[in-house]
Amino acid sequence: MSGDGIRLLTPEGERVPHPDYPFDPAPEELRALYRDMALARRVDAEGVTLQRQGELGLWPSLLGQEAAQVGSVRALREGDRVFPSYREHAVALGRGVDPLALMRLFRGVDHGAWDPDAHDFHLYTLVIGSQTLHATGYACGMAKDGADAAVIAYFGDGATSQGDVSEAFNFAAVWDAPIVFFCQNNQWAISEPNERQTRVPLHQRAQGFGFPGVRVDGNDVLAVQAVTRAALDHARSGRGPFLIEAFTYRMGAHTTSDDPSRYRDAAEVESWRAKDPLLRLERLLRREGAADDAFFAEVAVAGEALAARVREGVRAMASPAPEEMFDHVYAEAHAGVDRERAAFAAYQASFAEEG
Ligand SMILES: Cc1ncc(C[n+]2csc(CCOP(=O)(O)OP(=O)(O)O)c2C)c(N)n1
Ligand SMILES: [Mg+2]
């Protein structure tokens, strides 16, 4: 184990066996992991570009976190329930959410954009850490229903400084909730470095709440999948929550509204570039003869086709009528919302009369 956590694959693409987490996927599974990571990276790059072109309002890039996301989502079984934050694009794709749904959200033409029940993948949550409480409550409900399933809640290193996350840890622990807390420690919370979030490695925090926590090399897709699978088994079997700290790095800006060159060294980014999650799997695939140039070229072509579909789809998106923003505030009619809708309609009409 390195300081980066439990590891099954070195940055040079060499396997390292681990006694507690044996995992030896077949060559086609390894290729599928690579493909998922590469396609997610391509969709993500398109999100950044479309924002720069004025087609999206904002885009939070997942660049660098592909292994943490693809490895963990591939460990899930059907019926397991995901509570994401806002950067989990590869997890969304892994749950069958169309990339255009993600784009609808960040273009601001939809408040939710996908059906959580259809994908067992909840809506993105921008209020930092709050989804860990929703997820814990959901997990308790699943346990009461006797479901043979678990919940996984994604959040960042910065989110661990929110009271909500500590409350979720404690509540989940005392109720043995079937939940995996999946913290992507990407070293930064906007401009705040990890050392301003915690004095102890984040995975150790679980111990104080009475459940296990481990650090996994978040840029090693094999280790992430193996560790997440074990953590989900732990949760499903009634042994309570599990914390995974996926040690990774946010290679890009916090969002397209951020300029990280203002607060972090280029040398730090370079040191993480050497640990790139796609590169290390590519090295393994080539080393073991499980993929050749033709495979990587085919994945690149598929990525371009997907990006073209996303680009065309985004440009074709119609803007909703402004008053639609009142439609889904409550499930049922609400007098306060009705009043605000009427006032807004009168305001809009005042411009029309002037014209
Ligand atoms: C409750 C709350 N406080 C502050 C913010 C502003 N905010 C947005 S992202 C962010 C940093 C989150 O960092 P981290 O949890 O590490 O996730 P990352 O963005 O690195 O994936 C903050 C403080 C917010 N959205 N919600
Ligand atoms: Mg972070």
Side-chain angles (χ1 to χ4, degrees), residues 4-5 40-41 43-44 47-48 51 56-73 82-93 102 105-106 108 111 121-136 152-169 180-203 205-206 213 215-219 224 243-265 268-269 271-272 275 277:
D4 290 352
R41 179 171 285 190
V43 166
D44 184 71
V48 174
Q51 193 282 335
L56 301 178
L58 184 79
W59 186 258
S61 171
L62 65 57
L63 187 65
Q65 299 178 217
E66 296 87 350
Q69 297 191 12
V70 168
S72 55
V73 74
V82 181
F83 285 73
S85 62
Y86 44 78
R87 205 186 289 287
E88 275 71 66
H89 316 316
V91 183
L93 301 182
L102 301 175
L105 194 66
F106 288 102
H111 288 167
F121 183 81
H122 273 255
L123 298 182
Y124 273 1
T125 305
L126 283 100
V127 182
I128 300 296
S130 59
Q131 74 278 11
T132 57
L133 282 170
H134 310 156
T136 299
I152 186 166
Y154 289 85
F155 53 99
D157 45 293
T160 63
S161 298
Q162 284 288 135
D164 286 18
V165 174
S166 290
E167 290 160 22
F169 283 3
V180 173
F181 292 107
F182 194 92
C183 177
Q184 288 176 87
N185 179 356
N186 65 7
Q187 313 302 324
W188 291 91
I190 315 185
S191 56
E192 286 292 285
N194 208 234
E195 59 267 24
R196 289 284 170 275
Q197 306 294 346
T198 185
R199 283 285 184 208
V200 297
L202 287 172
H203 67 281
R205 213 173 271 186
R215 175 180 283 177
V216 62
D217 181 338
N219 286 12
V224 173
L243 172 64
I244 296 173
E245 176 192 3
F247 205 70
T248 182
Y249 195 73
R250 194 197 78 205
M251 292 300 292
H254 171 67
T255 67
T256 45
S257 299
D258 172 48
D259 172 10
S261 69
R262 301 277 297 268
Y263 55 80
R264 70 180 186 187
D265 286 344
E268 180 185 288
V269 183
S271 74
W272 278 90
K275 303 191 220 180

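Start at 1 and go down the list; that is how both ligands and their atoms are numbered. Numbers here are sequence positions counted from 1. Since this is a predicted model, take the numbers as computed values, not measurements.
- Remark: ligand 1 and G158 share an N or O pair separated by less than 3.5 Å (distance only, no angle test).
- E88 is linked by a side chain to side chain donor-acceptor pair (under 3.5 Å) to S85, Q184, counting only residues two or more places apart in sequence or in another chain.
- Contact between L243 and L202 at its shortest, heavy atoms only, is CD2-O, 3.5 Å.
- At under 3.5 Å, not a single nitrogen or oxygen of R250, backbone or side chain, sits near a nitrogen or oxygen of ligand 1.
- Counting only N and O atoms by type, the side chains of D44 and S61 include a donor and acceptor under 3.5 Å apart.
- Tally of protein N, O or S atoms closer to the Mg ion (ligand 2) than 2.8 Å: 3.
- Within the 4.0 Å heavy-atom criterion, the part of H254 lying near ligand 1 is the side chain and not the backbone.
- By the ring-ring contact (aromatic ring centres under 6.0 Å, His included) test, F169 pairs with F181, F209, F211, sequence neighbours left out.
- On a distance-only criterion, I190 and ligand 1 share no N/O pair closer than 3.5 Å.
- In this structure, F182 and Y154 have tilted ring planes: the angle between them lies in the 30° to 60° band.
- Of the N or O atoms in L126, one or more lie within a sub-3.5 Å distance of an N or O in ligand 1.
- In the candidate list I128, N186, N185, I128 is nearest to atom 5 (C) of ligand 1, counting heavy atoms.
- Of the heavy atoms in Y154, none comes closer than 4.0 Å to ligand 1.
- The proximity of W188 to ligand 1, defined as any non-hydrogen pair under 4.0 Å, is limited to the backbone.
- Among all heavy-atom pairs drawn from R215 and P201, the shortest one is NH2-CB, 3.6 Å.
- Side-chain N or O atoms of R87 include none that pairs as donor or acceptor with a backbone N or O of T255 at under 3.5 Å.
- Listed here is the closest heavy atom pair of A168 and T136: CB-OG1, 3.6 Å.
- Under the 3.5 Å distance criterion, with hydrogens and angles disregarded, a donor-acceptor pair is assigned to the side chains of E268 and Y249.
- With sequence neighbours excluded, the residues that form a ring-ring contact (aromatic ring centres under 6.0 Å, His included) with Y124 are H89, W114.
- For the residue pair T248/N219, the side-chain donor-acceptor check at 3.5 Å is satisfied.
- Using a 4.0 Å cutoff on heavy atoms, Y86 counts as a contact of ligand 1.
- Protein heavy atom nearest atom 15 (O) of ligand 1, with residue, atom name and distance: A159 N, 2.8 Å.
- The protein heavy-atom contact nearest to atom 21 (O) of ligand 1 is R87 NE, 2.9 Å.
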